[in-house]
Amino acid sequence: MNTMVGQGITDIDTLALAVRDRESRRLIAEAITAYRGGALRSAIISTWIAVSFDIISKARELAAQGEAAPKAFVKDLDLAIANHDIKKMQAIESDLLNVANDQLQLFAPHEFEALERLQRDRNLCAHPAFIVEDELYQPSLELVRSHIVHALQHLLLHAPLQGKSAIARFDVDITSLSFPTNSEDIGTYIRSRYLDRAKDVLVTNLIKALISAPFGDERARFADRSRLLAMTLGEIAKAKTSIYDATVPSYVAQKFDTVEDDVLLSICTFLEIDPRIWEWLSEPVRLRVKRLLETADVEALKAHAAFDGFVIPELSEILLDRFDGFDSNTQTSIISEHPKRELVRPGIEIYSQAGGYRTAEAWGQSIILSLTPFLTADDIRVLLEAVQENGQIWCAGGTPDILDAVFDSTRHLLPETRPYWQAFVDVRIDHNNGDTEDYYSYPGLQQRLAT
């Protein structure tokens, strides 16, 4: 065997094994076999056959899913086959790439150009009578190999979920009640359903769609989905980092210059997922965001999850100033709806001022339990001191259950926090004259510390 022909076979064979359609996999294997054997014109023809078959197979799959353009194409093709209309079938084959590009939306521009070159070379190989004598087409090894690789990478390896139909399907997915709500599940879902076999152009379009959704004409559909949109964008950034980094900076830089004031603060949710977005915004947009944070009422701040902007230091200062200016009821509502690490100490301070049992219980639920995921060991110390010093808190009937829940959620901070918990329990037991079973000796915490 020609050693040059043997070069690069292994990686092509590996790619071919990943072709999703069994018949397409068999056809491209025939092309690789011809390439390996030095039958280069046959290899090009076989590659084109694999491409043609795979386009038709994908069209049938999309038609079965109810897509209008593929259904029309398949109907036209089946009619020509049923009528043995050779001219019609030849015309369909001749225009197949255009249909796949324009109607099925399977290709990016550079992919379409690469497969057009394959089609032209196939015609030169399949119709030697059309070539001037002594000029029989002789493709090079490198050219044939590139045609096989392009057929695999641009078409055969991918599911037929591309173009506008993919974006439309994604819109339906992310607004459905069944869409996952935590980062790990979102990542698994979108990788399996969209990203694992997606072309770069689809990933790029998904990224742009996610960023645009809360700010476009149909933003009302995504009014309660901004966080899911941002979380999904974050998972795409993890799975397709190079595409994300190549797409987002320039897109963000131009996109938000035209976003209206009444929705601009929704950018804060995306900032929490990727703080770099703040630097990619234009300076005028950054100034607008700051001004809106300074002037928006509390309902607007909460509606747009503006407190996600704490992740940006220069916005954090503005947000803390705004928070400090609100009354305790408003502050409590902000913490319960948008708990953040930056609000832990202010939240404990509010809680420490509880003036009644029921207030202590309500604030324990809405403030302390909301902030529990952000507590450090030193926060536990400050919290327990606040409870210890306010009889309206430690003697409230609901406080033992609240502190039990805080302990359970912060077990990862043991043993550093154990002395703080033990000191709290010891004081409560002493206060009850050594009665360890008294309700306000916090038996739940005693049991937890013992185990």
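These numbers come from a predicted model, not from an experiment.
When side chains are defined from C-beta on, Arg219 counts as touching Asp262, because their heavy atoms get closer than 4.5 Å. Between Ser212 and Lys255, the closest side-chain pair of non-hydrogen atoms falls below 4.5 Å. Between Tyr194 and Val203 the shortest side-chain heavy-atom distance does not fall below 4.5 Å. At a threshold of 4.5 Å between non-hydrogen side-chain atoms, the residues Thr417 and Phe407 do not count as touching. The shortest distance between side-chain heavy atoms of Val387 and Tyr351 falls below 4.5 Å. Here the side chains of Thr330 and Asp327 are in contact, with some heavy-atom distance below 4.5 Å. Counting heavy atoms from C-beta outward, Ser328 and Trp363 have side chains that approach closer than 4.5 Å. Two residues are said to be in side-chain contact when any heavy atoms from C-beta on lie closer than 4.5 Å; Pro443 and Glu437 fail this criterion.
By the side-chain hydrogen bond (donor to acceptor under 3.5 Å, both in side chains) test, Asp297 is found to be paired with no residue, residues two or more places apart in sequence or in another chain being considered. Take Glu294 and apply the salt bridge (Lys or Arg N to Asp or Glu O under 4.0 Å) test, not counting sequence neighbours, and it matches Arg291. Residues forming a salt bridge (Lys or Arg N to Asp or Glu O under 4.0 Å) with Glu111 (at least two apart in sequence, or on another chain): Lys199. Remark: Tyr440 engages no residue in a ring-ring contact (aromatic ring centres under 6.0 Å, His included) (not counting sequence neighbours). Residues passing the salt bridge (Lys or Arg N to Asp or Glu O under 4.0 Å) test with Asp435: none are found, sequence neighbours excluded. For Glu314, the salt bridge (Lys or Arg N to Asp or Glu O under 4.0 Å) criterion is met by Lys290, not counting sequence neighbours. Applying the ring-ring contact (aromatic ring centres under 6.0 Å, His included) rule to Phe310 yields no partners; only residues at least two apart in sequence or on another chain are considered. Listed by chain and residue number, nothing satisfies the side-chain hydrogen bond (donor to acceptor under 3.5 Å, both in side chains) test with Thr436 (two or more places apart in sequence, or in another chain). Shown here are the ring-ring contact (aromatic ring centres under 6.0 Å, His included) partners of Tyr244, two or more places apart in sequence or in another chain: there are none. Judged as a side-chain hydrogen bond (donor to acceptor under 3.5 Å, both in side chains), and not counting sequence neighbours, the contacts of Arg411 are Asp408. Trp48 is linked by a ring-ring contact (aromatic ring centres under 6.0 Å, His included) to nothing, counting only residues two or more places apart in sequence or in another chain.
With rounding to the nearest 0.5 angstrom, the CD atom of Gln103 is 8.0 Å from the CZ atom of Phe73. Between the CD1 atom of Ile335 and the CD1 atom of Ile350 there is a distance of 4.5 Å, given to the nearest 0.5 Å. Note that the CG atom of Leu281 and the CG atom of Leu271 stand 6.5 Å from one another [nearest 0.5 Å]. Atom CZ of Phe424 is separated from atom CG of Leu445 by 6.5 Å, given to the nearest 0.5 angstrom. Note that the CD1 atom of Ile12 and the CZ atom of Arg145 stand 4.0 Å from one another [nearest 0.5 Å]. The OG atom of Ser441 lies 9.0 Å from the CG atom of Asp430; values are rounded to the nearest 0.5 Å.
Heavy-atom contacts from other residues, nucleotides or ligands closer than 6.0 Å to NE2 of His431 number 12 or fewer. More than 12 heavy atoms of other residues, nucleotides or ligands sit less than 6.0 Å from atom CD of Gln254. Taking a 6.0 Å sphere around CG of Asn182, one finds it holds more than 12 heavy atoms contributed by other residues, nucleotides or ligands.
Between Asp308 and Arg227 there is a salt bridge, with a side-chain nitrogen of the basic residue lying less than 4.0 Å from a carboxylate oxygen of the acidic one. The pair Arg341-Asp379 counts as a salt bridge, with a side-chain nitrogen and a carboxylate oxygen less than 4.0 angstrom apart. A salt bridge links Glu283 with Arg286: the distance from a Lys NZ or Arg NE/NH1/NH2 to an Asp or Glu carboxylate oxygen falls below 4.0 Å. Taking a cutoff of 4.0 Å between a charged side-chain nitrogen and a carboxylate oxygen, Glu349 and Arg345 do not qualify as a salt bridge. The existence of a salt bridge linking Lys58 and Asp54 is confirmed by a sub-4.0 Å separation between a basic side-chain nitrogen and an acidic carboxylate oxygen. Between Arg276 and Glu279 no salt bridge is recorded (no basic side-chain N to carboxylate O distance below 4.0 Å). Under a 4.0 Å N-O distance rule, the pair Arg60/Asp21 does not qualify as a salt bridge.
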CA sep, side-chain torsions, deciding dist, call: Ser176, Asp173, side chain to side chain donor-acceptor pair (under 3.5 Å): CA-CA 5 Å; Ser176 70; Asp173 275 356; 5.2 Å; no
Take Glu23 and Arg26, measure what salt bridge (Lys or Arg N to Asp or Glu O under 4.0 Å) needs, and give me the verdict at the end. CA-CA 5 Å; Glu23 188 61 23; Arg26 184 186 67 79; 2.3 Å; yes
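For Ser370 against Pro339, the heavy-atom pair with the smallest separation is O-CB, 3.4 Å. In plain terms, the two heavy atoms of Leu413 and Leu375 that are nearest each other are CD1-O, 3.6 Å. Across all non-hydrogen atoms, the minimal contact from Pro400 to Tyr442 is CA-CE2, 3.4 Å. When every heavy atom of Phe270 is checked against every heavy atom of Phe215, the shortest pair comes out as CE1-CE1, 4.0 Å. Across all their heavy atoms, Ala50 and Ile28 have their closest contact at CB-N, 3.9 Å.
Between Phe323 and Phe307, the distance from one ring center to the other does not fall under 6.0 angstrom.
Between the side chains of Tyr35 and Ser46, no donor-acceptor pair of N or O atoms lies under 3.5 Å. Side chains of Thr14 and Asp11: no donor on one and acceptor on the other come within 3.5 Å.
Legend: salt bridge (charged side-chain N to carboxylate O under 4.0 Å, His left out) pairs involving residues 328-339, not counting sequence neighbours, sorted by first then second residue: Lys302-Glu337.
By the 6.0 Å and 45° rule, Arg448 does not stack over the aromatic ring of Trp421.
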